[in-house]
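Numbering starts at 1 and runs along the sequence shown.
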Amino acid sequence: MDLWTYSVPSRIWLAGRNPYDRATLRAEVLGRFGSRRPDLSDSDQIASGLLPCALVLLVPLALVPDELAARLIWLASFASLLFACWAMLELWGRNWRAEEGLWLVALLLQSRLIQSVAYRGQPTLILLAAMLLGLLAERRGSSWLAGAALVVLLAKFTVALPLAAFWLSQRRWAPLLRAAGLAAALSLPPLVTIGPAALVHGWVDSVRTLEYWNRTSGGGFHLTHWSSILDRLLPAGSSLLVVASSALLVSAVVLPGWAWRLAPERASPWRFLALTALGMVAVYHRVYDAVLLLPAAVLVWGELRDPEQRTGTSFVLAGALSVLLFVLAPQTVAKSLSEWLETHSPAGMLAPVNAWICIAVFLLAVSLERGHAAAARTRVVAAGASRQG
């Protein structure tokens, strides 16, 4: 559905034309997809908000046919999902038992958000993997790899903001400087071939066009934009809507300050979570970008599993994430809640393949749990025998 927005601009640039010229981009898209893109009737929709460095990053997609590009992005998304699951546990779950990690991964894989990314052709899972790679690399002192991961995030620059803000808040200048240098180097070819004036004017015009369309195309799909959710719960123009939206935004701004008050060993991941959540509120995102909240589920579970760290806030966040990731299905967010309840059964929340995967992981987790319990009993028996001896 959306893959053309990433591959076609790079194709146009490789052909020596300006991808930020909306007439050129529209003609290319219509020539390639024609009636398969019925939403192209409004020319204001057709614009490229890709940064110049992203045009170069996405050249591999531009060099292959559309059908092969779709297969490649699907495989890359699947590999990125596997890496992201491992990376989240490596970052925040190293002291967990294996079965705990399997349970949580199985739960996250049920998210409708992942299915939404898969069939839309959005690169968000790849960007989630890049974000986690950046965190891992920076933790291990590899500033070049961390900077390169941030540059990959610039393929969709709005999702790069939380990681950049996180490093700024920690005064981690090395990966930021590396990323700036790499992005500048990748931006040089488009700057030379398109021309600085035409490139800057075209990019600004594209972003303005996209923002106008986002505001006027119907808010039902803005799942991670809080005001759109509240629009469905409260009457239009309600003063309560304004108050509730403002309260949520203020809470999101205060959340990073709350994270700073935590113990040093716990503050860093919560700071990252706070800035990610703030980015979701303050910056326009569509539903598939909410996969960036999957690390929040890992962090929340880390709180809930520890009685000494468990707080009321943890339970509130767990409930909110459960609703966002597993109840509000992307396919139905344009409908009212009553329509959704009338047309969907609880069993419909699990796709058949996901259900089978969940059962397989359930059996593996149970076997690991039994092995863990057996090993614990053996240690107890051995300790008792040694004391008697």
Minimum heavy-atom distance between [X] and [Y], given as atom pair plus value:
{"X": "Val151", "Y": "Ala183", "value": "CG2-N, 4.0 Å"}
{"X": "Pro9", "Y": "Pro19", "value": "O-CB, 3.4 Å"}
{"X": "Ala146", "Y": "Gly134", "value": "CB-O, 3.7 Å"}
{"X": "Leu136", "Y": "Ala87", "value": "CD1-CB, 3.8 Å"}

Report yes if the side chains of [X] and [Y] come closer than 4.5 Å at any heavy-atom pair, otherwise no.
{"X": "Met88", "Y": "Leu294", "value": "yes"}
{"X": "Leu182", "Y": "Trp144", "value": "yes"}
{"X": "Leu150", "Y": "Trp167", "value": "yes"}
{"X": "Phe272", "Y": "Met131", "value": "yes"}
{"X": "Val291", "Y": "Val117", "value": "yes"}
{"X": "Val159", "Y": "Leu128", "value": "no"}
{"X": "Trp103", "Y": "Trp96", "value": "no"}
{"X": "Leu135", "Y": "Phe166", "value": "yes"}

Legend entry - Pairs satisfying salt bridge (Lys or Arg N to Asp or Glu O under 4.0 Å), at least one member in residues 124-144, at least two apart: Glu90-Arg140, Glu138-Arg172
Inset, instruction - May I have all residue pairs that pass salt bridge (Lys or Arg N to Asp or Glu O under 4.0 Å) and include part of residues 7-21, sequence neighbours excluded? - result: Arg11-Asp66, Arg17-Glu28
Inset, instruction - Return yes if some donor-acceptor pair links the side-chain N/O of Ser206 with the main-chain N/O of Ser48 below 3.5 Å, else return no. - result: yes
Anything under 3.5 Å between a donor and an acceptor, one on a side chain of residues 191-202, the other on a protein residue two or more places apart or in another chain? List them.
| residue | atom | partner | partner atom | Å |
| --- | --- | --- | --- | --- |
| Thr193 | OG1 | Trp13 | NE1 | 2.7 |
| Thr193 | OG1 | Pro189 | O | 2.9 |
| Thr193 | OG1 | Pro190 | O | 3.4 |

Legend entry - Residue list, side chain to side chain contact (heavy atoms under 4.5 Å, CB included) with Leu51, at least two apart or on another chain: Cys53, Leu154, Phe157, Trp203
Inset, instruction - Applying side chain to side chain donor-acceptor pair (under 3.5 Å), name anything that partners Arg171, two or more places apart in sequence or on another chain. - result: none
Inset, instruction - Could you list all the side-chain hydrogen bond (donor to acceptor under 3.5 Å, both in side chains) pairs where at least one residue sits in residues 179-190, not counting sequence neighbours? - result: none
Inset, instruction - Check the angle between the aromatic planes of Phe83 and Trp86 and answer parallel, tilted or perpendicular using the 30° and 60° thresholds. - result: tilted
